[in-house]
Protein chains: 2
Amino acid sequence: MKDKRKIPKPVIKRMGLYYRCLNKLYEEGIEYVASKDIAARLGIKSSQVRKDLSYFGEFGKRGVGYNVDQLMKKLEDIIGVNKIWNVIVIGAGNIGTAIVNYPGLKKEKFNIIGVFDADRSKVGKKLGKLSVTHFSELEKFFNKNIVDLVVLAVPENAAQMVVEELEKYNIKGIINFAPIKLRTKIPVEDVDITLSFKSLVFRIEREIK
Amino acid sequence: MKDKRKIPKPVIKRMGLYYRCLNKLYEEGIEYVASKDIAARLGIKSSQVRKDLSYFGEFGKRGVGYNVDQLMKKLEDIIGVNKIWNVIVIGAGNIGTAIVNYPGLKKEKFNIIGVFDADRSKVGKKLGKLSVTHFSELEKFFNKNIVDLVVLAVPENAAQMVVEELEKYNIKGIINFAPIKLRTKIPVEDVDITLSFKSLVFRIEREIK
DNA sequence: TAGATTGTTAATCGATTAACAATC
DNA sequence: TAGATTGTTAATCGATTAACAATC
């Protein structure tokens, strides 16, 4: 490991990929793996795998490769999979519902503890084990629960308002599905589904790359 | 415009943002806008706005800015919003259902014409105007319909198999929600929701940027 | 005209990749 | 040892940004 320099964003994204890959290797009963093999499975270059890992330490053995079990555990520490994150979902529309029901999140230790909506007709609706609470109850909820992350799945025109409300509380981050740039100091991760469609279509039309 | 060089991927992603921004400006009744203002709304640099647009042409007037109406129409041509894309969704689980019901897509001319699932208990289930068809009917469907894009919303372990099936047909692209790297020559756009959660959490923990 | 803002160049910044000494 | 593969450096590639001449 060099020194404590800032880790590039793309590296961060890839750490999750490495972790999943190592899990598979582990399940396949593979004990040692070379950066070349990891790279091949992910469709990237082996030097990138090694460089990415080197931001966090020296995990391999020259001439041998990486011990799958060990590296997997190191990655667990690095990406913090073992910490449980409490999540609430704001907006019980299509996307909000999908998030609440999505099994992949629970598996990764994202624990959804509340769903809110401003639409009274949705209040009380059951989503899995949770039922939809009215948005006006948010403050009460924050007083009684620790919330780490908020999933913002409200219509575009409501998103900024909700964020301003959220700034009153002590949340750690927002996953934003609304197609706008939120103005806030809270860390935000944007997920823009329509933009993915558009980007694909654009590539198809222009035949780029 | 310089020449017909390859357009960087990030630029492509931003074209959709510009289009949405221009739409808002138009609705606000604004006639002319400077790159500085667009940039401020999106939280980027004005030189980036100008450079991005310059890949496609010269749309502004020096000393004045961009005519909102005109630029909006240019962007429509560039990103091809007016073309209608026929889409099928494979996988009628949480994500598939959300996609089918998501109003944003229809608005953007992505027309969902079919939903498929391998689970017979889901077949016949109504999702909006569509009802779920069994996966085995796929070939029949392709013989009778033009399908441009496929949304892949199946479990991870089924994804690669489905892709191999899809290669028999003449689709233009895949939006992949399964958390794996698909091996295929069809253009793929990955949407990885869990990875977004992980990336946010990672940033929070490391306080990067 | 004077002021404003574009389009574009050149400088900077950041990320990927090739190459290789170190070493298992 | 000989072969393999790491960790890291340096070169390359690509994207962002500052700066400014052109010009409305």
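Residue numbers begin at 1 in each chain, while the letters A, B, ... track the order of the sequences.
For C:dC24, neither phosphate oxygen OP1 nor OP2 lies less than 4.0 angstrom from any side-chain nitrogen or oxygen of A:Y66. Checking the phosphate oxygens (OP1, OP2) of D:dA4, no side-chain nitrogen or oxygen of A:R50 falls inside 4.0 Å.
Classified by interplanar angle (parallel below 30°, tilted 30° to 60°, perpendicular above 60°), the ring pair B:F56/A:F202 is perpendicular.
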How does DNA chain D look in dot-bracket form if you count Watson-Crick and G-U pairs under 3.5 Å, write [ ] for pairs that cross, and put | where a base pairs with another strand? ..||||||||||||||||||||||
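Listed by residue number, the members of residues 34-41 of chain A with any heavy atom below 4.0 angstrom from DNA chain D are A:A34, A:S35.
Between A:R50 and A:S54, the side chains place no donor N or O within less than 3.5 Å of an acceptor N or O (distance only, hydrogens not considered).
By the neighbour-count criterion of 12 heavy atoms within 6.0 Å, atom NZ of B:K172 is densely surrounded, having more than that number from other residues, nucleotides or ligands. Under a cut-off of 6.0 angstrom, the local environment of NZ in B:K109 is crowded, with over 12 non-hydrogen atoms contributed by other residues, nucleotides or ligands.
For the side chain to side chain contact (heavy atoms under 4.5 Å, CB included) test with B:V151, the passing option among B:I174, B:I99, B:I95, B:V100 is B:I99; the others fail.
Heavy atoms of A:F59 sit under 4.0 angstrom from primed sugar atoms or phosphate atoms, though from no base atom.
Scanning all heavy atoms of the two residues, the minimum distance from A:T194 to B:E108 falls at CG2-CG, 3.4 Å. A pairwise comparison of heavy atoms in B:Q160 and B:L182 identifies OE1-CA, 3.7 Å as the closest pair.
Taking the six-membered ring wherever Trp is involved, the centroid distance between the rings of B:F59 and B:Y66 does not fall below 6.0 Å.
When the nucleotides D:dA15, C:dC24, C:dA15 are ranked by their closest atom to the side chain of B:P8, D:dA15 comes out on top.
Note: CG (A:L42) to P (C:dT17) measures 13 Å, nearest angstrom. Atom P of nucleotide D:dA15 and atom NZ of A:K9 are separated by 17 Å, given to the nearest angstrom. One interatomic measurement links the two molecules: NZ of A:K51 to C1' of D:dT5, which rounds to 18 Å at whole-angstrom precision. Between B:N67 atom CG and C:dT6 atom C1' the separation is 15 Å, expressed in whole Å. Nucleotide C:dT16 holds its P atom 12 Å from the CD1 atom of A:I12, rounded to whole Å. As a whole-Å value, the separation of B:Q48 CD from C:dT5 P is 19 Å. Between the NZ atom of A:K45 and the P atom of C:dA15 there is a distance of 18 Å, given to the nearest Å. Counting to the nearest Å, the C1' atom of D:dA22 and the CD atom of B:E58 are 11 Å from each other.
Heavy-atom nearest nucleotides on DNA chain C were determined for A:D52 and for A:K61, and the one closer to the 5' end corresponds to A:D52.
Residues A:K9 and B:R203 have side chains in contact (heavy-atom distance under 4.5 Å, counting atoms from C-beta outward).
At a cut-off of 3.5 angstrom, the base of D:dT5 holds no donor-acceptor pair with the side chain of A:R62.
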